[in-house]
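Beneath this line is the structure, given in structure tokens, with notes to follow.
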Amino acid sequence: MQVARPEFVPDASLSREEMEALQREIADAAVFADDLPFDPDRICGDGVATDTDQTSLADVDGDITSADDPPLVAGVDQAFVDDHAVSAVVLLRGGEVVERAYAVEPAAIPYIPGLLSFREGTAILAAFDALEREPDIALVDGSGRIHFREAGIATHVGVTLDLPTVGVAKSLLCGTPRESLDRKLPAGARVAIESDADVETAEPGTHIGDAVQTRQFENSERYVNPLIVSPGHRVSADTAADVALACADGYKLPEPTRLADSYADEVKAEVREELD
DNA sequence: GCGACAG
DNA sequence: ATCTTGTCGC
């Protein structure tokens, strides 16, 4: 699929100040409310059982899109080989993989907390460009609204493509959990993350995302840390968490993300040979 | 100066 | 993210 907002394409040649200014514009253009072309309840991967779950049967026609098919959900993840970023996208419908695509681009800048999209964004957009179909929503590794300027990588990619996106991170970049996360939460649980002084663009106390427990040990002292989920673009915080749980399939990472993760590793191994 | 932060 | 052995638990 193609870029919808060329003016927001990440440019690694910008100064830090310019990058931050662009992020404020992106956050301004972002929609942190539901504006989806489908009903989230119909994602139907396997999901973590929730009291609000509905009973539904997914049709498995595979490739052909019909009006009541489950939505196309994309998972995106990156791997690195030397100074090159490998971005992999995996598309699923009703839990079945229907397409995969990837791209390799040089990582123009080093990793800088708060500016991740300027390091990995080019490769991600190239991978989406290589994708034949247009996803209904994409899960991007990293933060979305949970960001110093509410413009994490999931938001940057979502706004640039004008695609609904959800940010899925393994740790908290900023913001304050409403309750301590230092305890064992049951599978399906969620704890709201509120903006604090570190989030310069939002009023303190704004619900900017959630800690989501997609998986948990039952008969053990050990426990799994929650995933940090936040709206990227065109989804609310509640729906972002719903989507992450609906895509969960027995592992901490949602299925689209897990598959994109392993696909990126697969491509990385191949790219490793073509190096000078 | 200190703290602190996705991937 | 990446570099890696062993170890724990289902």
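As the structure is a prediction and not an experimental result, all values here were calculated from the model. Basis for what follows: all heavy atoms, side chains included, without hydrogens, waters or symmetry-related copies. Naming convention: chains lettered A, B, ... in sequence-line order (proteins, then strands); numbering from 1 in each chain.
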Check for me: is Tyr111(A) stacked on dG7(B) by the 5.5 Å centroid and 30° plane-angle rule?
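Yes, aromatic ring over the base.
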
Return the value, rounded to whole Å, for the distance between atom [atom1] of [X] and atom [atom2] of [N].
X: His147(A); N: dA6(B); atom1: NE2; atom2: C1'; answer: 8 Å
X: Ile109(A); N: dA1(C); atom1: CD1; atom2: C1'; answer: 14 Å
X: Arg145(A); N: dC5(B); atom1: CZ; atom2: C1'; answer: 19 Å
X: Phe118(A); N: dC5(B); atom1: CZ; atom2: C1'; answer: 17 Å
X: Arg119(A); N: dG7(B); atom1: CZ; atom2: P; answer: 13 Å
X: Leu253(A); N: dG7(B); atom1: CG; atom2: C1'; answer: 13 Å
X: Glu20(A); N: dC5(B); atom1: CD; atom2: C1'; answer: 13 Å
X: His84(A); N: dG7(B); atom1: NE2; atom2: C1'; answer: 18 Å

Give a yes/no on whether any side-chain N or O of Lys170(A) is located under 4.0 angstrom from OP1 or OP2 of dA1(C).
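Checking Lys170(A) against dA1(C): at least one side-chain N or O falls below 4.0 Å of OP1 or OP2.
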
Taking OP1 and OP2 of dC5(B), is either one under 4.0 Å from a side-chain nitrogen or oxygen of Ser171(A)?
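For dC5(B), OP1/OP2 do not have a side-chain N/O of Ser171(A) under 4.0 Å.
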
[options]: which one has an atom nearest the side-chain heavy atoms of [X]?
X: Asp141(A); options: dC5(B), dG7(B), dC3(C); value: dG7(B)
X: Asp77(A); options: dG7(B), dC3(C), dA6(B); value: dG7(B)
X: Pro113(A); options: dC5(B), dA6(B), dT2(C); value: dC5(B)
X: Leu173(A); options: dA6(B), dC3(C), dG7(B); value: dA6(B)

Nearest 0.5 Å, what's the OH-OG1 distance between Tyr251(A) and Thr214(A)?
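That separation rounds to 12.5 Å.
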
When we call it a touch if two heavy atoms are under 4.0 Å apart, what does [X] touch: a base, just sugar-phosphate, or nothing?
X: Leu172(A); value: sugar-phosphate
X: Ser143(A); value: base
X: Leu115(A); value: base
X: Ala85(A); value: nothing
X: Arg149(A); value: nothing

Do you know the tightest heavy-atom contact between Asp238(A) and Arg190(A)?
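Closest pair (atom of Asp238(A), atom of Arg190(A), distance): O-NH1, 3.3 Å.
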
Restricting to non-hydrogen atoms, name the atom on Cys174(A) and the atom on Ile146(A) that form the minimum distance, rounded to 0.1 Å.
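Closest approach of Cys174(A) to Ile146(A), heavy atoms only: O-CG2, 3.3 Å.
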
Within 45° of the ring axis of Tyr111(A) and under 6.0 Å from its six-membered ring centre, is that where the NZ or CZ of Arg119(A) lies?
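Not flagged: Arg119(A) not positioned over aromatic ring of Tyr111(A).
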
Taking NZ, NE, NH1 and NH2 as the nitrogens, is one of them in Arg234(A) or Asp35(A) under 4.0 Å from a carboxylate oxygen of the other?
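Between Asp35(A) and Arg234(A) there is a salt bridge, with a charged N closer than 4.0 Å to a carboxylate O.
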
Toward the 5' end of DNA chain C, by each residue's nearest nucleotide, Phe217(A) or Asp265(A)
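The 5'-side residue here is Asp265(A).
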
Hydrogens and angles aside, do Ser13(A) and Asp11(A) bring a side-chain donor and acceptor to less than 3.5 Å of each other?
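Yes.
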
